[in-house]
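Report on the following structure.
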Number of protein chains: 2
Amino acid sequence: MSRVTRKDVAKLAGVSETIVSYVVNDNRYVEAEKKSRVLSAIEELNYVPNNIARSLSKKETNHYLFMTDDLDNDYFTSLLAEMESVLIEQDFFISLCKYRDNNSFLNQVFARQFDGLFISTSEISQASLNRISNMGIPTVYVLRNMKITIPDNISVLNPGLYMGAEKCIHHMCEQERKRILFLDRFVKSANDEIKGVDPRLQAFNNWKEQCFVWSKIVHTGNDYSLLKKNLSDIYRDEAKFDGIIAINDKVAVLALRSLQDLGIRVPEDVSIVGYDNNFLSGIFDPSITTVNVSKTAYAEKIISLMKDLKDREEVKRIRLPVDLIVRNSSLRREKNESEN
Amino acid sequence: MSRVTRKDVAKLAGVSETIVSYVVNDNRYVEAEKKSRVLSAIEELNYVPNNIARSLSKKETNHYLFMTDDLDNDYFTSLLAEMESVLIEQDFFISLCKYRDNNSFLNQVFARQFDGLFISTSEISQASLNRISNMGIPTVYVLRNMKITIPDNISVLNPGLYMGAEKCIHHMCEQERKRILFLDRFVKSANDEIKGVDPRLQAFNNWKEQCFVWSKIVHTGNDYSLLKKNLSDIYRDEAKFDGIIAINDKVAVLALRSLQDLGIRVPEDVSIVGYDNNFLSGIFDPSITTVNVSKTAYAEKIISLMKDLKDREEVKRIRLPVDLIVRNSSLRREKNESEN
DNA sequence: GTGAAAGCGCTAACAT
DNA sequence: ATGTTAGCGCTTTCAC
C-alpha cells in the first residue's frame, strides 16, 4: 500500500501530470472543466502532495529550526508557541532542538536543508558560528553570549538581557542594597571551561564594584535543598547579603522560598529580583520584582528578521525593549495592593 | 553560490558518484586509497549530504512529529527534551507543533512525510483520528480523551490520567473531605462544544456522587485574579468546600495562593491536590500533594512504542504507572518535615 | 492552454 | 570492487 502520487491523480482525471501540479499550486490557467476533474480525483484518492519531492525540486523546505540550550525553560516554549502560530499560517513548520556544539550535530542540521536557523544559546563556540555562517543558511542569532563575534551575514536579535540586568542592578542601588548575591543558573562544569558569558552576568560583573560593597556569584542548579544550604552557609559564614539578583524567576522563586524557610525576611532583610516575568513571579507573597520582555514582540521581530534575511538578504540587528516590573520582593517598604 | 553536492566531491576525488555514496554511508567496500581521497575531498569542500534527496529516494525522513494542544505546558517541554536526546542519537529529529483539528492542517502534516506521529491532545475528533489512521503513518496516541475510539493500527500510550485522578479522589475521601471543587483547565468555549473529555474529569464525574456530598466543576484559565474571585464567590455563596482537585500543579498553585489571600487555610480548611509533580509543587508552603508520572519512563515507552510500530508493525497499548505523592496541602494534620 | 522532458541529489539494483 | 542506470515525486522550461 504505497502513497498516492500525482501520477495516480493524473490518470484518474485523464490529464497529464503537469496539469495536476498546475491545479494544486494554482499557478497556471487550467480549463475549468479539467480543473474540476482534477479536484475531484484528488478528493477521491485522498491525494496529498509530497513536500519532500517539492523541496528537492524547489530547494526550499518551508521549515525553520530553533536551537536553544534551554529546552525546558517555559519562556521558550511559549515563545515557540507564538512563533509556531504565525508560521503555520504561511505553511511553515518550525522544529525545536537542543543546541549541541559539535560538528556531527551541525552536519545533521545542515543535511536537513532548513530554510532558516534560529539560535539562542550561550554555549556556541566562535568556530561553530563561523561554520554556520559559511553554510549560507539564513540565520538569526539571539544575543545571549557577550564573548562572540557575529559574522556579518547573520542577523541579531538582542533580547536586552544586558540592559534588563542593568535595570535590576540600578534598582538594587536605589533600594540601597549593598551586599548582593548573583544567582547564575548553571553549575560550573567540571572542567571549569565556561563557553559563553550571559549578558546578565556580564552586566553584573561590570557594575558590581561601582554599585556594591560586597558581591558574590553563585552557580546553582534547580535543586531546592542544595540552594537553601548554599544560601544558609553564605549568610552565616560570609556575609549577611541584603540583595539577590537571580538569573530568572524560577531561581528567584527558589531563593525566596529558601530564605523564608531560613527565617530571613523578604524584602525586609533581603531584596530579590528575578527575570522573565514568569507567571510564577506575580503569584508569590511577596510578589517578585522581575524583568519583562514581550513574547509577542519577540516572536514578531524574530520572524521579521528571518523574512528580511531570506527575501532581501537584509542583515539587521534589533534590540527588544525591556521593562523592570517592580513588585514587593525588592522594596524596602511594601507597595500597596495595587500592583500589576 | 550553490550547495556542494556529491557530484562535486566525486569530481574532486576522481571517482564516480556512487563511490562517494558508498563512503558516506559506509555500506560497501571501497578501496582504502580511494576512500581516503573521497574523505579528504569531503573535508575540503565541506560537503554535507542532502537529506531531502535521501528522504525522497529512501521514502524515510528520519523525522517524527509530536502534536499537542498543550504547547506551553512545561511537562511537555521536558518530556520533549528527553525524547529529543534519545532520538538525536539515532539521527532522528522531532518537531513539536500545536495540534489543530482541521483538514488543511492535517494535509500539511501528511505532506511532510514524517516517519511517525505522536499525538497528545484531547481536542481531536474521531474523523480526524480515522483520517490519520487511514494515512498509514505509524502513530502513537497518548490517551487524553475518553470519548474516542482508537483505530487498530494506532498504538496507545496511556499516561494513567484516569487512575491518577482516582488516587486523588480516594485520597480526598480518606481525608474525609466531602465538598469538592474540581478545577479544570479550560474556559468553556463560547459554543459550549467541548470535543474531548479529559480522563481526570471523567474520573471525577464517575466517582463524585459516591465519594462526596457536594461537588462542582469549574473551568478556569491561568488568570490569577479571576480564579481568586471565582473561588471567593463560590465559597461565600454556594458551599464552604473543603477540597480542591486541580487539573495540574500550575492550577493548584494558583488555587493555593488564592485561598491564602482569602484567609482560607490550607490544609486546615481546604485540602488541595494537583497533578504532574511540577517542580513548583514541592516548593510551596504547604507543599502540594500531586501525582507523579516519570518522564523518563514516558519518553522511553513512547519511543519504544513507535519503534515497534515502525519496525514490526506491532500495535500495542501500554499504561504508565502513576504515583500519588502525598504532601502537606491535603493532610488534615501536617506531616513532619521528612517529605520528599 | 497543455504536455514532454530535464533536473533536483540522492539510493539501490544491476551489470561488469 | 566499482560504475551505470533507473527511479523517488515533484517544479519548471520550452515547444506545440
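All values derive from a computational prediction rather than experimental measurement.
- Toward the 5' end of DNA chain D, the nearer of the two residues A/K7 and B/R6, judged by each one's closest nucleotide, is B/R6.
- For CD of A/E313, the number of neighbouring non-hydrogen atoms (other residues, nucleotides, ligands) closer than 6.0 Å is 12 at most.
- Rounded to whole Å, atom C1' of C/dC10 lies 14 Å from atom CZ of B/R3.
- The stretch residues 47-65 of chain B touches DNA chain D through B/L56, B/S57, B/K59, each having a heavy atom within less than 4.0 Å of the strand.
- There is no side-chain donor-acceptor pair under 3.5 Å between B/S21 and B/T18.
- In B/K35, the NZ atom is not crowded: 12 or fewer heavy atoms of neighbouring residues, nucleotides or ligands sit closer than 6.0 Å.
- The distance from atom CD of B/E17 to atom C1' of D/dA6 is 14 Å, rounded to the nearest whole Å.
- In this structure, A/D8 atom CG and D/dC8 atom C1' are separated by 14 Å, rounded to whole Å.
- Within 6.0 Å of CD in A/Q90 there are more than 12 heavy atoms belonging to other residues, nucleotides or ligands.
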Interface polar pairs with nucleotides 13-16 of chain D, N/O, under 3.5 angstrom:
residue	atom	partner	partner atom	Å
D/dT13	O4	A/Y22	OH	3.3

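- For the residue pair B/S122 and B/D198, no side-chain donor N or O sits within less than 3.5 Å of a side-chain acceptor on the partner.
- A donor-acceptor pair under 3.5 Å is formed between the side chain of A/S125 and the backbone N or O of A/S128.
- For the pair A/K34 and A/Y29, the cation-pi criterion (under 6.0 Å, within 45° of the ring axis) is not fulfilled.
- Counting to the nearest Å, the C1' atom of D/dG9 and the CZ atom of B/F110 are 18 Å from each other.
- Taking atom CG of B/N25 as the reference point, atom P of C/dA12 lies 8 Å away to the nearest angstrom.
- OP1 or OP2 of C/dT11 lies within a sub-4.0 Å distance of a side-chain N or O belonging to B/S21.
- Evaluated for a side chain to side chain contact (heavy atoms under 4.5 Å, CB included) with B/Y47, the options B/D8, B/L12, B/V38, B/V4 yield exactly one hit, B/V4.
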